[in-house]
Amino acid sequence: MTTRQTAKSPLLDSLNEVQCAAVQHESGPVLIHAGAGSGKTRVLTHRVAYLLENLDTKPWEILAVTFTNKAAREMKERILDLIGLTARDIWVGTFHSICARILRVEAEKLGYKRNFMVFDRDDQIKFVKEVMRDHSIPEKDYAPANVVRIISGAKSALVGPDDYVSMAKEPLEEAAALVYGHYQKRLKANNTMDFDDLLTNPIYLFEADAATLERYQDKFKYLLVDEYQDTNKTQYQFLKHLVAKHKNLCVVGDDDQSIYRWRGADIQNILNIEKDYPGCKVFRLEQNYRSTKNILEVANSVVHNNRRRRDKSLWTNNDYGDKVAIIDVVDQIAEAKYVSAAIKSELAHSGRNFRDFVILYRTNSQSRVLEEALRNSGIPYMIVGGVRFYERKEIKDVLAYLRLICNPLDSISFKRIINVPLRGIGDTSLAKLEEFARHHALSLLQAAGRASEIDTISPRIQKNIFSFFELIDKYSNLKEEFSPGELARALVEEIGILRTFKEVNTEEARSRSDNVVELLTAIANYNNELGEYSLEAFLEEVALIADVDTWDDRSNAVTLMTVHSAKGLEFPVVYITGLEEGLFPLTRTFESEEELEEERRLFYVGATRAREKLSLTWASRRLKFGEYFQNLPSRFIDEIEPALVERIDLRQKYPARTPWRGARSSRNNVPAPPKYDDFSQDLPQLYVGSEVKHRKFGIGRVKAIQGNGENLKVVVRFQEAGERKLVAKFANLEVIE
DNA sequence: TCCAATGTAATTTTT
DNA sequence: TTACATTGGA
């Protein structure tokens with residue numbers, strides 16, 4: 001138990017001078033310019049505590065915005081630790097979740113019902129596809145995903161459908177402009193909002209209704225925003241409205257860590273804050289407490305090549321630490337094997353745990369090879385991102401039922417499940433049903449309730465459609481009586497998906513079945529921090545869930561994730577893989593200096609996640625679309641001060657396993673990689689952990705490798721013959737695996 | 001209406 | 001390579 005004094009609160013004891021000043025700043029706008037690892041979360045949480053303890057502020061008058069739900073949860077926990085239970089009433093969340101919370105109350109003022117649903121990207125694409133079909137815009141020429149991207153871009157720039165029409169230039173934009181208006185209308189007819197609507201609707205509300213705006217202005221006397229460098233125009237506008245009266249806005253950010261430009265984030269928000277908020281006080285946290293000097297210098301030396309940035313330099317009192325390793329490997333397989341071998345050896349020598357390691361990559365597709373290598377080495381791992389739990393087919397199917405039960409207007413969910421499980425209702429019948437619905441201005445579900453009136457559909461199918469209607473109707477009525485968990489369980493039982501999976505009885509079906517069970521458990525255990533226990537609340541939370549939010553940092557496993565997902569996290573040992581021209585930075589960013597700078601910041605974010613050890617790997621060729629492409633090392637590697645790194649060339653040591661095919665495609669005319677002497681072509685590919693067979697000793701596993709080329713020696717533990725040290729050249733080992 | 005076979009496009013990053 | 005979508009046959 002800590003006792004609290006008022007005079008010099010111990011709250012401030014653990015803070016440095018600048019942190020202290022930032023925490024104590026009382027009113028008016030503040031920017032806390034916080035470099036990586038400079039203790040910004042600490043400042044934010046302490047500031048909240050300070051506001052509550054030393055000013056006459058109530059917890060519900062504080063709004064804190066974080067970038068992910070996970071960050072929100074952690075922040076709340078840390079404030080709870082500092083000041084106890086009163087912290088429960090603080091509003092902490094992402095922009096999306098906070099806006100959703102406001103809209104739950106205000107939706108009717110905007111012409112929505114309060115039980116509106118939130119569409120994820122998948123649903124958006126389906127919706128756009130429908131609109132495109134209705135207006136005969138060919139999907140071949142305009143990928144629905146791109147149309148969604150453009151519409152989303154317009155929305156996050158607060159450009160409405162009508163205004164966008166005149167702004168569209170390229171054919172794709174014109175197509176999107178055409179879709180935009182219909183898409184928006186259809187969303188509303190379905191009582192549904194997409195991610196962008198969650199942010200724009202509160203703004204439209206505030207602008208249309210001064211009284212409501214003032215209510216929220218008075219409610220939130222203090223606003224705190226984390227990761228301000230990644231706010232977009234809508235988020236900026238949202239804050240602007242809210243703080244206009246009391247002006248107590250505190251933003252924390254670092255322009256060097258702005259990595260969401262492609263999502264509409266505007267780095268100018270942080271660069272121009274003094275213009276936007278006159279009198280804005282600026283604090284700079286430049287001392288890094290996280291990383292070794294070498295790691296920090298590597299990160300600095302790269303990001304200093306950016307021109308559009310505030311001039312600053314992060315420093316640390318920490319040790320120099322190990323040099324940063326740059327590992328040259330021959331291909332993605334060697335890369336993956338190297339990383340798992342390195343983790344193993346690090347585990348053996350340093351007493352670290354699996355959870356101390358993270359493997360980062362630029363694109364999700366790189367994870368597969370890494371996973372395989374980790375699996376083969378028996379290293380437990382966790383993947384963040386990729387195919388998300390809530391995006392799996394079976395999960396989305398069950399969720400669609402629940403959504404339709406909550407929101408009968410949801411036509412996307414209706415179509416998703418009308419024939420799942422099979423009810424003999426195919427595209428033709430569905431089209432007739434839709435036609436009927438349109439003609440009578442009904443929702444699809446209502447139309448289903450009157451299926452007997454649609455005489456173009458055969459009576460048998462009419463009956464099936466009607467019983468589907470009855471099913472949904474039944475559960476809509478049961479919703480008030482049953483808890484969400486009971487309702488979902490009963491529903492799953494009634495539609496019998498688990499049974500179907502059991503009949504199929506393949507491994508895939510079993511895993512699907514497990515997923516559904518897991519979903520049921522999640523619903524049953526659901527109980528959010530606001531104490532809401534409704535199906536609607538659950539569905540909303542699910543829609544707003546981010547990759548990192550599901551990451552369990554307590555389990556002891558190596559983490560794999562994209563550099564984007566790693567924002568805000570830290571690990572003792574970090575591997576950044578795929579540092580090749582064209583991959584990191586990505587090819588398409590070559591033309592635009594701005595995009596290239598964003599890639600550089602992304603590298604900076606990745607590197608500054610590391611506390612003690614940082615390794616960078618690049619492969620001179622990599623499999624892409626089933627074909628090998630040659631690579632040059634990333635320009636970021638060249639930008640690193642050479643004195644800070646140790647370069648390890650493994651291209652001879654671990655030769656390629658797959659025969660060389662080279663780049664045949666003309667779109668990839670990258671110059672050939674540096675030449676090297678290959679004198680090891682006849683040696684088998686040996687890695688720590690490989691399973692090998694020896695003519696005399698039998699089967700064993702490689703424990704260690706030393707030397708290279710002709711002098712390559714391996715330590716193998718044989719099942720029968722025990723541990724042996726062998727010269728690879730003479731041992732004639734056969735790799736099994 | 002369903003299923004299997006074939007063809008094709010794709011990899012940024014995500015609330 | 002794989003995932004998805006479209007096609008054609010049952």
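Protein chains get the first letters and strands the later ones, always in sequence-line order, with residue 1 at the start of each. All values below come from the heavy atoms of this structure, side chains included, with hydrogens, waters and symmetry mates left out.
- Distances from the side chain of Ser365(A) to the nucleotides dC2(B), dT15(B), dT11(B) place dT11(B) closest.
- Looking at heavy-atom distances under 4.0 Å, Ser97(A) makes no contact with the nucleic acid at all.
- Taking only side-chain atoms of Arg368(A), from C-beta outward, the nucleotide of dT15(B), dT1(B), dT2(C) with the closest atom is dT2(C).
- For dT13(B), the base is stacked against the aromatic ring of Trp262(A), per a cut-off of 5.5 Å between centres and 30° between planes.
- Comparing dT14(B), dT15(B), dA5(C) by their nearest atom to the side chain of His564(A) picks out dT14(B).
- Asn69(A) places a side-chain N or O within 3.5 Å of a backbone atom of Leu544(A) that can act as its donor or acceptor partner.
- In this structure, Lys624(A) places its NZ atom 9 Å from P of dT12(B), rounding to the nearest Å.
- Between the CZ atom of Arg121(A) and the P atom of dT11(B) there is a distance of 10 Å, rounded to whole Å.
- Between Phe206(A) and Tyr216(A), the angle of the ring planes lies from 30° to 60°, which puts this pair in the tilted group.
- Among dT15(B), dC2(B), dT14(B), the nucleotide with an atom closest to any side-chain atom of Thr562(A) is dT14(B).
- Between dT12(B) and dA5(C), the distance separating the two C1' atoms is 23 Å to the nearest Å.
- Taking atom CG on Asp226(A) and atom C1' on dT15(B), their separation rounds to 15 Å, with Å as the unit.
- A straight line from CZ of Arg73(A) to P of dT15(B) spans 13 Å, rounded to a whole angstrom.
- Taking 4.5 Å as the limit, some side-chain heavy atom of Leu569(A) sits within range of a side-chain heavy atom of Lys70(A).
- Nearer to the 5' terminus of DNA chain B, by closest-nucleotide assignment, is the contact made by Leu422(A) (compared with the other of Glu598(A) and Leu422(A)).
- The distance between the ring centers of Tyr180(A) and Tyr183(A) does not fall below 6.0 angstrom.
- At whole-Å resolution of the value, CG in Leu430(A) and P in dC2(B) are 12 Å apart.
- Relative ring orientation between Phe116(A) and Tyr112(A) is described as perpendicular, the plane-to-plane angle rising above 60° on a 0-90° scale split at 30° and 60°.
- Between the CZ atom of Arg423(A) and the C1' atom of dC2(B) there is a distance of 16 Å, given to the nearest Å.
- Lys129(A) comes within contact range of the sugar-phosphate backbone alone, with a heavy-atom separation under 4.0 Å but no base atom that close.
- Both Ser429(A) and Ala543(A) sit near DNA chain B, but only Ser429(A) has its closest nucleotide nearer the 5' end.
- For dT12(B), its base never sits under 3.5 Å from the side chain of Thr363(A) at any donor and acceptor pair.
- Comparing the same atom, C1', in dT11(B) and in dT6(C) gives a spacing of 22 Å after rounding to whole Å.
- A sub-4.0 Å separation between OP1 or OP2 of dT12(B) and a side-chain N or O of Asn364(A) is absent.
- Across all strands, Tyr260(A) comes closer than 4.0 Å only to sugar-phosphate atoms, never to a base (heavy-atom distances).
- Note on ring orientation: taking the six-membered ring where Trp is involved, the planes of Phe603(A) and Phe636(A) are tilted (angle from 30° to 60°).
- For the pair Asn146(A) CG and dA9(B) C1', the interatomic distance rounds to 13 Å; values are reported in whole Å.
- Among the nucleotides dT1(B), dT13(B), dA5(C), the one closest to any side-chain atom of Ile461(A) is dT1(B).
- Between Lys40(A) and Asp226(A), at least one side-chain N (NZ, or NE/NH1/NH2) sits under 4.0 Å from a carboxylate O, which counts as a salt bridge.
- Using a 4.0 Å heavy-atom criterion, one finds that Asp196(A) contacts no nucleic acid atom at all.
- Thr68(A) comes within 4.0 angstrom of nothing in the nucleic acid, heavy atoms only.
- If you check dT1(B), dT12(B), dT13(B) against the side chain of Leu586(A), the one that comes closest is dT12(B).
- Close to dT15(B), at under 4.0 Å from its OP1 or OP2, lies no side-chain N or O of Asn232(A).
- Atom CD1 in Ile151(A) sits roughly 17 Å away from atom C1' in dT15(B) (whole-Å rounding).
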